[in-house]
There are 2 protein chains.
Amino acid sequence: MIEGKTIIRSDDLRAENRHRVLLTLRTEGPLSRARVGKITGLSQASLSTLLSAMTEEGIVTSKNSQLPSSARRGRPQTIVALDPLAAVAVTVALTADMLHTCLIDYAGKVIHKQNLSIETRALSESTLCNTVNKEITKALGKFQGTPCCAIAFGFEGVTDSVAGDLLWSPILTTSNIPIALSLEKKFKVPVTVQNDCRLIAKALHHSRYDELGDSFAAILFSHGIGMGMYLHGEPFSGAHSSALELGHIPFELDGALCRCGKNGCIEAYASDYGILRALNGSPALTEPALRIQQEQIKSMLNDGKKLSKQAQQVFTTAGRAIGHGMATIYTLFDPIPVALIGRSDTINDLMMDDIRATLQSSVRGTDKLDKLIHCFDDDGGLMQQGLALEATASIDRQYAYRRDLNAVKTC
Amino acid sequence: MIEGKTIIRSDDLRAENRHRVLLTLRTEGPLSRARVGKITGLSQASLSTLLSAMTEEGIVTSKNSQLPSSARRGRPQTIVALDPLAAVAVTVALTADMLHTCLIDYAGKVIHKQNLSIETRALSESTLCNTVNKEITKALGKFQGTPCCAIAFGFEGVTDSVAGDLLWSPILTTSNIPIALSLEKKFKVPVTVQNDCRLIAKALHHSRYDELGDSFAAILFSHGIGMGMYLHGEPFSGAHSSALELGHIPFELDGALCRCGKNGCIEAYASDYGILRALNGSPALTEPALRIQQEQIKSMLNDGKKLSKQAQQVFTTAGRAIGHGMATIYTLFDPIPVALIGRSDTINDLMMDDIRATLQSSVRGTDKLDKLIHCFDDDGGLMQQGLALEATASIDRQYAYRRDLNAVKTC
DNA sequence: CGATTTATTTCACGACTAAAAAAAATAATG
DNA sequence: CATTATTTTTTTTAGTCGTGAAATAAATCG
């Protein structure tokens with residue numbers, strides 16, 4: 001599931017350089033061989049060998065630049081690019097009561113999409129695996145001729161992303177499901193399992209690099225509160241794989257009841273269920289609601305007009321909780337750009353001032369705060385994009401590191 | 001100051017493998033060529049070339065195993081080891097009113113030691129640089145014939161360890177001192193600058209690997225509260241180099257005054273000055289003391305006998321603050337072993353219960369807490385060990401990565 | 001003293017580089 | 001307009017590095 005990146009042998013070096021070329025083409029798009037050399041740092045000589053081999057293998061396409069002779073003089077460039085037909089992959093996103101399945105090509109483009117309504121909390125382990133199985137098979141049936149090379153699975157919850165286990169999810173009633181193992185057995189291709197926050201961070205790192213840069217945090221506001229992070233261009237996930245639980249940083253000793261069973265977590269104040277509970281005037285120790293529609297919260301806000309003092313207080317507390325979390329992040333990881341995903345209306349209108357005030361009162365060097373906080377809304381597109389990146393990255397690894405260049409699996 | 005570890009060319013690979021061999025010899029001690037192969041994963045063929053070259057260069061010694069023919073049959077091993085005479089390095093530790101300078105050999109052994117009393121808070125930037133300069137020159141005079149290849153500088157405070165700047169230190173009144181630049185200009189050798197916590201973490205990673213493993217945190221109790229961390233065998237220091245400020249995680253909104261100027265930091269409750277202030281019964285907003293002798297705290301504890309309710313409360317609060325910090329660490333980095341360094345008597349007797357209780361009430365999965373918390377005392381030896389590791393690692397890098405194998409600098 | 005065992009070195013082959021050569025276009029010039 | 005110079009890109013060539021396999025070295029065992 002994870003490639004041991006120990007480069008010792010000459011072969012490893014070749015594989016690594018193949019990988020470098022593929023990643024460059026993926027992020028930069030079609031390029032001339034010369035530019036690939038500039039970007040990767042590889043010599044033209046090596047690229048000559050590498051690229052002809054990969055063209056031979058059908059991984060990249062190579063065509064003469066069609067610039068209509070407007071161009072500068074000199075030998076015209078040949079443009080190389082990832083061949084979309086080199087592979088297909090399947091992405092599966094499990095969200096509350098919905099299973100989204102996509103078929104994508106090697107360039108990452110969605111070529112088929114299908115959604116299935118299911119009652120997630122009623123699923124047993126085997127039913128879940130079987131349903132996913134069936135959906136993938138169905139999707140693969142829509143496009144034949146190219147081998148399927150990867151499956152990427154995403155959901156809200158806790159993973160063991162090394163083993164590919166789904167450890168716990170708020171939208172399920174079962175836990176510890178070895179979903180990767182099950183799918184790998186069936187489809188004989190690498191399966192990656194990631195939670196929504198890591199996928200969203202991955203998508204942002206790819207599509208919002210200009211704003212967020214190499215190191216940033218993505219805080220996800222939905223039923224719970226999640227976080228993903230990149231540090232120095234690499235996804236960060238702690239010592240094991242279940243860290244970065246921003247929502248469960250202790251905020252108040254013996255405070256409000258959290259979904260996790262503990263008291264006083266940030267999530268208990270700033271999540272959908274925490275906010276709704278407080279807006280309803282329910283005691284802070286009331287068992288968290290299982291499922292909330294965004295509309296339930298919106299309807300309590302009188303369309304943004306003249307909030308009651310009590311409601312204002314709810315959002316002030318939520319803002320302080322988030323501010324406390326961000327202050328803690330800034331203290332432990334250094335001040336980095338933060339993307340706040342989802343609920344951007346209430347965040348901007350009702351919480352931002354308290355977030356800022358809390359941050360500024362507890363962290364030094366947060367003067368340029370405005371440049372650090374970015375708000376985005378998301379309709380699930382980021383997770384889908386993250387899954388596509390995950391799947392294509394898996395294929396890149398396979399194509400870069402494979403030793404037996406003739407054996408291409410078909411499923 | 002930091003080696004870009006991008007392996008692209010065959011040369012990089014060779015350098016990387018030289019490095020691998022040196023690191024193996026450093027951590028494992030003298031080994032047969034065969035065992036070096038087993039551990040590094042390199043082929044005997046490569047080792048043959050690499051090791052003869054390095055013997056030639058005078059970096060490693062190579063001698064026949066002197067096991068008195070008791071051994072197994074087969075060709076006897078030749079034992080290779082780092083040659084202590086390959087280089088010397090200087091370590092400099094700046095602590096409160098004291099400058100500790102050591103000369104060490106390539107094996108890391110201290111071959112000369114000298115201490116200088118100075119009033120650190122009275123030092124100007126240039127006086128500091130000059131004093132350090134003189135001490136290093138003096139130390140180098142004690143042992144001639146081998147080139148000096150590295151200087152490692154350590155102190156309590158905030159560094160820019162990439163640039164090698166001393167950004168801020170509680171024991172100084174000046175700040176933003178480009179100490180590495182100054183020393184590099186004078187001695188023409190690489191200079192590393194690290195703070196005490198990172199050095200101590202480095203020393204622990206080397207000498208306490210069995211207990212602490214690949215990922216651990218080291219929390220340092222002294223005048224302030226500091227932290228160092230290793231994750232997956234690598235030192236962790238956040239997005240920039242001044243992160244991991246455990247002591248400045250916000251603990252209470254608008255709480256006690258911290259040395260950093262903010263209110264409610266963990267340090268304001270659990271550091272030497274925070275505890276003494278509270279034991280004295282001074283208001284929590286009293287300006288923190290600049291300098292405290294451990295005895296001042298000890299003398300207030302009546303030799304551990306029958307603590308006053310008020311004093312007990314002080315340590316309970318301190319324990320809760322630390323527990324809060326550790327809970328936050330466990331939430332963001334996953335539960336990992338934690339080494340508590342210094343003040344082990346008061347920690348064990350007066351704070352541990354509250355630390356445990358706070359942790360258990362705010363983090364899930366901290367059942368095996370006893371296996372995660374380790375207490376050590378330290379008299380400065382860890383920092384010295386960290387500096388030696390830092391310096392020898394710098395020489396290893398130079399010897400591994402240098403291209404011009406004949407030019408050896410002398411100073 | 002040959003057989004066996006273990007450790008190290010030698011050799012043929014693939015991989016990456018720098019430098020030289022080749023390829024393929026435009027610009028300049030008589 | 002043909003021919004040469006210039007520019008840019010790509011390929012070829014000679015050299016170095018790491019590997020697996022074979023060869024060599026140096027000991028003990030029977």
Side-chain angles (χ1 to χ4, degrees), chain A residues 6-21 30-56 60 62-80 400-405, chain B residues 6-21 30-57 60 62-81 400-405:
Chain A
T6 340
I7 304 172
I8 302 189
R9 305 176 315 169
S10 223
D11 292 8
D12 302 335
L13 189 54
R14 180 176 191 72
E16 191 61 25
N17 285 339
R18 281 171 66 101
H19 200 201
R20 208 182 298 266
V21 169
L31 294 170
S32 73
R33 294 163 94 106
R35 273 210 62 64
V36 176
K38 287 249 167 51
I39 297 173
T40 57
L42 281 146
S43 71
Q44 291 302 326
S46 304
L47 283 173
S48 189
T49 326
L50 287 177
L51 284 171
S52 7
M54 293 201 280
T55 312
E56 189 75 21
V60 304
S62 190
K63 67 159 190 276
N64 289 336
S65 170
Q66 291 301 355
L67 292 180
S69 94
S70 73
R72 313 135 308 171
R73 56 184 175 172
R75 177 172 173 173
Q77 316 168 312
T78 49
I79 303 292
V80 290
Y401 293 102
R402 72 178 172 191
R403 284 277 63 215
D404 50 338
L405 295 177
Chain B
T6 342
I7 304 171
I8 302 188
R9 304 176 316 171
S10 226
D11 291 8
D12 303 335
L13 189 53
R14 180 177 190 71
E16 191 62 25
N17 285 339
R18 280 170 68 99
H19 200 201
R20 209 182 296 267
V21 170
L31 294 170
S32 73
R33 294 163 98 106
R35 271 211 63 65
V36 175
K38 288 250 167 52
I39 296 173
T40 58
L42 281 145
S43 72
Q44 290 302 327
S46 305
L47 283 173
S48 189
T49 327
L50 288 176
L51 284 172
S52 3
M54 292 201 280
T55 311
E56 190 75 21
E57 293 168 43
V60 303
S62 192
K63 68 158 189 277
N64 289 338
S65 169
Q66 290 302 355
L67 292 181
S69 95
S70 74
R72 312 136 308 174
R73 57 184 175 174
R75 178 173 172 173
Q77 316 169 316
T78 49
I79 303 292
V80 290
Y401 294 102
R402 70 178 173 192
R403 282 277 65 214
D404 50 339
L405 294 178

Provide, to the nearest angstrom, the distance between the CD1 atom belonging to A/I8 and the P atom belonging to D/dG20. 10 Å
Tell me whether the OP1 or OP2 atom of D/dT11 has a side-chain N or O from A/R33 closer than 4.0 Å. yes
Gap between atoms CZ and C1', on B/R20 and D/dC17 respectively (whole Å): 15 Å
Should we count CD of B/Q44 as having more than 12 external heavy atoms under 6.0 Å? yes
Just wondering, do A/V21 and A/M54 contact through their side chains at under 4.5 Å, heavy atoms? yes
Kindly say if A/S32 contacts the phosphate of D/dT9, meaning a side-chain N or O under 4.0 Å from OP1 or OP2. no
Examine C/dC16: is either OP1 or OP2 under 4.0 Å from a nitrogen or oxygen in the side chain of A/N17? Give yes or no. yes
Strictly distance-based, threshold 3.5 Å: is any side-chain N or O of B/N17 a donor or acceptor partner for the main-chain N or O of A/I8? yes
Between B/S10 and B/P76, whichever has its closest DNA chain D nucleotide further toward 5' is B/S10
Spacing of A/Q77 atom CD relative to D/dT10 atom P, expressed in whole Å: 7 Å
Heavy atoms only, 4.0 Å cut-off, all strands: where does B/L47 land among base, sugar-phosphate and nothing? nothing
Closer than 4.0 Å, any side-chain N/O of A/R14 to the OP1 or OP2 of C/dA15? yes
Between C/dT8 atom P and B/L50 atom CG, what is the distance in whole Å? 14 Å
C/dA7 C1' sits how many Å from B/I79 CD1, rounded? 11 Å
What is the distance from CG of B/D12 to C1' of D/dT16, rounded to the nearest Å? 13 Å
In whole angstrom, what separates B/L13's CG from D/dG15's P? 22 Å
Identify, between A/R75 and A/A45, the residue whose nearest nucleotide on DNA chain C lies closer to the 5' end. A/A45
Base, sugar-phosphate, or nothing: which does B/T49 touch, judged by heavy atoms less than 4.0 Å apart? nothing
Any residue meeting side chain to side chain donor-acceptor pair (under 3.5 Å) with A/R33, in chain and number order, not counting sequence neighbours: none
Near DNA chain D, which residues from residues 34-44 of chain B have a heavy atom under 4.0 Å away? B/L42, B/S43
Quick one: does A/T40's side chain have a donor or acceptor within less than 3.5 Å of a partner on A/V36's backbone? yes
Taking B/Y401 as the fixed residue, which of B/R14, B/H19, B/R18 is the one that meets the side-chain contact (heavy atoms from CB on, under 4.5 Å) rule? B/H19
Could you state the interatomic distance from OG (B/S62) to CD1 (B/I79), rounded to the nearest 0.5 Å? 9.0 Å
A/E16 CD to C/dG14 P: how many Å, rounded? 22 Å
